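Working notes, beginning with the structure itself.
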Protein chains: 2
Amino acid sequence: MSKRTAQDSKSVPLPLPKGSRATGRVTITDVAAEAGVSSMTVSRALKMPELVQEQSRERIFAAIEKLGYVPNQAAATLASARSQVIGVLVPSLTNAVFIETLSGIRDYLAEAGYQFLIGETGYARDKEAQLISTYLAHAPAGFLLSSSEQHEILQSRPASRAIPAVRMFDLGRSNDEYSVGFSQTKAGYAVARHLAERGYQRPAFIAAQLDPRMMKRREGFRKGLQEAGIDPAVEVLLPLPTTVDMGAQLLRRVLEVRPDCDAVFCCNDDLALGALFECQRQGIAVPGQLAIAGFNDLSWAACATPSITTVITPRYDIGYKSAEMLIRQLKGEDIPKGRLDLGFELAVREST
Amino acid sequence: MSKRTAQDSKSVPLPLPKGSRATGRVTITDVAAEAGVSSMTVSRALKMPELVQEQSRERIFAAIEKLGYVPNQAAATLASARSQVIGVLVPSLTNAVFIETLSGIRDYLAEAGYQFLIGETGYARDKEAQLISTYLAHAPAGFLLSSSEQHEILQSRPASRAIPAVRMFDLGRSNDEYSVGFSQTKAGYAVARHLAERGYQRPAFIAAQLDPRMMKRREGFRKGLQEAGIDPAVEVLLPLPTTVDMGAQLLRRVLEVRPDCDAVFCCNDDLALGALFECQRQGIAVPGQLAIAGFNDLSWAACATPSITTVITPRYDIGYKSAEMLIRQLKGEDIPKGRLDLGFELAVREST
DNA sequence: CTGAAAGCGCTTACAG
DNA sequence: CTGAAAGCGCTTACAG
């Protein structure tokens with residue numbers, strides 16, 4: 001009952017012991033021989049079990065178990081020209097926000113049987129394009145991107161080899177692409193309206209990193225203040241990676257410029273925490289003398305003393321839903337292009 | 001210039017135009033034809049350029065550029081039985097500590113031309129073993145692991161197909177394996193000695209997660225207290241994932257059991273931050289009434305009010321050095337097995 | 001429901 | 001320094 005492989009019969013005219021290969025690996029052919037079917041049938045039993053007779057299927061799975069067969073992904077990828085790998089590109093791996101997005105992605109992809117390759121773009125469009133090129137060598141089934149830009153290298157592929165991509169965090173400019181996120185502008189606007197309603201008159205804005213999303217929050221914040229008849233003049237922006245300590249530094253600068261400032265919107269919770277510590281250090285009452293608002297609702301915002309008003313963002317869901325949108329496309333479902341707006345929620349707490 | 005697909009070429013056995021393939025991809029053969037050499041030579045020019053005549057090399061690189069050739073990793077992996085992918089298994093992706101380790105890994109691997117697949121073990125040995133099995137299908141060149149256990153599935157492979165692994169964070173029990181980390185026990189011990197030297201008499205210990213590393217810190221802490229003649233009786237341990245808020249909860253429990261407690265060692269900085277907020281809420285002076293020590297030196301520890309005494313751990317370096325140790329093995333260097341102890345540093349600050 | 005044949009794009013020896 | 005041949009382990013049509 002011994003099967004020969006093509007190469008055995010060509011190069012070595014002696015039969016190898018049953019179940020063994022030149023490389024020592026257990027292959028689909030070994031499983032097929034053990035189960036008394038062809039390798040095609042084994043492949044089908046793995047991919048589309050409903051197309052294989054139950055009896056064959058049982059023998060095949062028993063053989064897989066017995067031999068400890070692990071499918072070779074490289075061979076599958078080479079033969080089918082598509083892998084089970086998704087390229088995921090996030091701006092930063094040191095930011096808790098994106099880590100939670102990765103958790104969402106991982107949860108969906110693990111369930112769907114996909115792996116992912118993570119790249120860090122450093123908030124730079126060029127770096128994103130470069131990583132896409134690198135990942136292309138792995139024949140990824142799709143991409144999950146975080147830049148709101150188009151990438152020529154993906155656009156220029158012929159339709160037959162197109163690789164689907166979903167943009168995360170920001171909503172795309174048009175409905176011609178897939179994007180999952182929320183409106184940064186509206187979130188900034190909501191914070192401004194809240195501060196205005198509470199009666200704060202001299203608010204400031206502090207930000208670091210200064211990527212496009214930060215700038216949209218700022219834009220919305222200014223718009224909200226202007227609509228409330230408040231002058232949004234005091235801003236301190238620093239184009240460096242965010243740290244908690246930087247929140248303290250930026251607040252000090254704000255207070256130098258405008259000592260009578262009565263509220264500060266921090267573009268993220270790290271800065272808000274640093275600002276709170278600085279107030280504690282200087283003996284400034286929060287919110288009595290100065291209100292503080294953050295962004296993202298990181299783990300400390302709710303339990304700080306005082307608890308910090310912030311914007312709860314759907315970052316886990318952005319990952320999960322983006323992955324879902326991508327995989328459903330890959331499975332051939334006809335998902336309409338467009339923006340999936342997951343919204344946000346303003347958490348009003350003690351600090352304002 | 002119409003392209004044909006695979007099925008066309010079968011049903012119609014006509015030669016394809018030069019430079020094109022059934023799949024439409026640019027292959028090494030296309031590059032070889034363009035450069036007027038064999039595909040072997042192209043392969044060599046890419047892997048070991050010094051073995052190829054300069055003139056050929058120039059023509060080859062020009063052809064690569066002209067055709068936009070991207071090597072197919074799947075084909076390379078299948079042919080060589082080894083990929084450029086490293087399997088990286090960390091306990092958690094929501095913990096800043098491991099994220100920084102990943103940054104270290106990424107920095108080294110990116111430089112060395114490797115990709116990595118990240119898995120999250122949830123601090124469970126079984127989950128780690130399961131992920132190893134899954135990743136084996138990708139023919140990883142090596143593993144970076146975070147459990148201190150051995151894994152049969154890796155141990156049982158024949159020497160010819162052995163996959164090297166490096167253990168991170170903990171130092172291995174023996175010098176029979178590769179490990180990069182520091183002594184958790186010594187770090188816990190150092191905190192105890194510091195508190196004792198400062199004259200604290202009724203210290204408590206709080207911890208969550210309770211993975212083996214936490215338990216080693218505790219062990220060292222207890223030992224240090226005992227040696228200083230202090231009773232290490234007050235401990236509150238909770239086997240749940242760490243959060244900042246949990247630090248507040250655990251501290252409340254400690255104060256219920258022992259209201260006269262004068263110091264608390266938190267097994268990580270998240271708990272320490274929550275404990276600090278709780279003290280602020282209750283009006284407990286830090287360190288006047290209660291000293292607080294944390295672990296890891298996360299970004300807020302140094303700039304909190306008061307700044308938090310903690311243990312600075314070499315987590316970025318653990319990632320970087322582990323990756324280096326692994327890749328140098330893969331490149332055939334004869335790296336001696338053993339433990340690489342990167343040490344730690346006690347940062348004494350205002351909170352103690 | 002099942003199988004024989006061909007091919008995916010590289011690399012591994014080997015021979016010059 | 002270079003190349004012809006064979007093979008890696010799957011999947012894709014196709015035919016039954």
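Here the structure is a predicted model, which is why all the values come from computation and not from measurement. Residue numbering restarts at 1 for every chain, and letters A, B, ... go by the order of the sequence lines.
- Counting all heavy atoms, side chain and backbone alike, Ala75(A) lies closest to Leu78(B) at CB-CD1, 3.7 Å.
- Ion pairing of Arg57(A) with Glu54(A) is absent here, as no side-chain N (NZ or NE/NH1/NH2) approaches a carboxylate O to less than 4.0 Å.
- Map Ala75(A) and Thr77(B) each onto its nearest nucleotide of DNA chain C; the residue landing nearer the 5' end is Ala75(A).
- For residues 49-57 of chain A, proximity to DNA chain C is found at Glu50(A), Leu51(A), Val52(A), Gln53(A), Ser56(A), defined as any non-hydrogen atom under 4.0 angstrom from a strand atom.
- Here dT11(C) is the nucleotide among dG3(D), dT11(D), dT11(C) with the atom lying nearest to any side-chain atom of Ala76(B).
- A straight line from CZ of Arg59(A) to P of dC1(C) spans 15 Å, rounded to a whole angstrom.
- When the shell of 6.0 Å around CD of Glu50(B) is examined, it contains more than 12 heavy atoms from other residues, nucleotides or ligands.
- Between Arg82(A) atom CZ and dG9(C) atom P the separation is 14 Å, expressed in whole Å.
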Working for side chain to side chain contact (heavy atoms under 4.5 Å, CB included), residues Ile60(B) and Leu46(B): CA-CA 9 Å; Ile60(B) 289 167; Leu46(B) 255 17; 5.5 Å; no
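- The closest side-chain heavy-atom distance from Tyr135(A) to Ile163(A) is not below 4.5 Å.
- One finds no side-chain N or O of Thr41(A) lying less than 4.0 angstrom from the OP1 or OP2 phosphate oxygen of dT2(C).
- Where Val37(B) and Leu78(B) meet DNA chain D, the nucleotide closest to each residue was compared, and Val37(B) sits on the side nearer the 5' end.
- Rounded to a whole Å, the CD atom of Gln84(A) is 20 Å from the P atom of dG9(D).
- Straight-line distance from the CE atom of Met48(B) to the P atom of dC1(D): 12 Å, rounded to whole Å.
- Toward the 5′ end of DNA chain D lies the nearest nucleotide of Met40(B), the other residue of the pair Ala79(B) and Met40(B) mapping further downstream.
- Gln73(A) places its CD atom 10 Å from the C1' atom of dC10(D), with the value rounded to the nearest Å.
- What separates OH of Tyr69(A) from P of dG9(D) is a distance of 10 Å, to the nearest Å.
- Distances were taken from every side-chain heavy atom of Arg44(A) (C-beta onward) to each of dT11(D), dT2(C), dC10(C); the shortest belongs to dT2(C).
- The distance between atom CD1 of Ile28(A) and atom P of dG7(C), rounded to the nearest whole Å, is 20 Å.
- More than 12 heavy atoms of other residues, nucleotides or ligands sit less than 6.0 Å from atom CD of Glu333(B).
- Listed pair Ser43(B) / dT11(C) meets the phosphate criterion, a side-chain N or O lying under 4.0 Å from OP1 or OP2.
- The partner of dG3(C) is dC14(D), judged by Watson-Crick or G-U wobble contacts that both fall below 3.5 Å.
- A pairwise comparison of heavy atoms in Ser56(B) and Val52(B) identifies CB-CG1, 3.8 Å as the closest pair.
- As rounded to whole Å, 13 Å separates atom C1' of dT11(D) from atom CG of Asn72(A).
- For dG3(C), the OP1/OP2 oxygens have a side-chain nitrogen or oxygen of Ser38(A) closer than 4.0 Å.
- The main-chain N or O of Leu89(A) is found under 3.5 Å from a side-chain atom of Ser146(A) such that the two form a donor-acceptor pair.
- Residue Arg25(B) has no polar side-chain atom (N or O) positioned under 4.0 Å from OP1 or OP2 of dC8(C).
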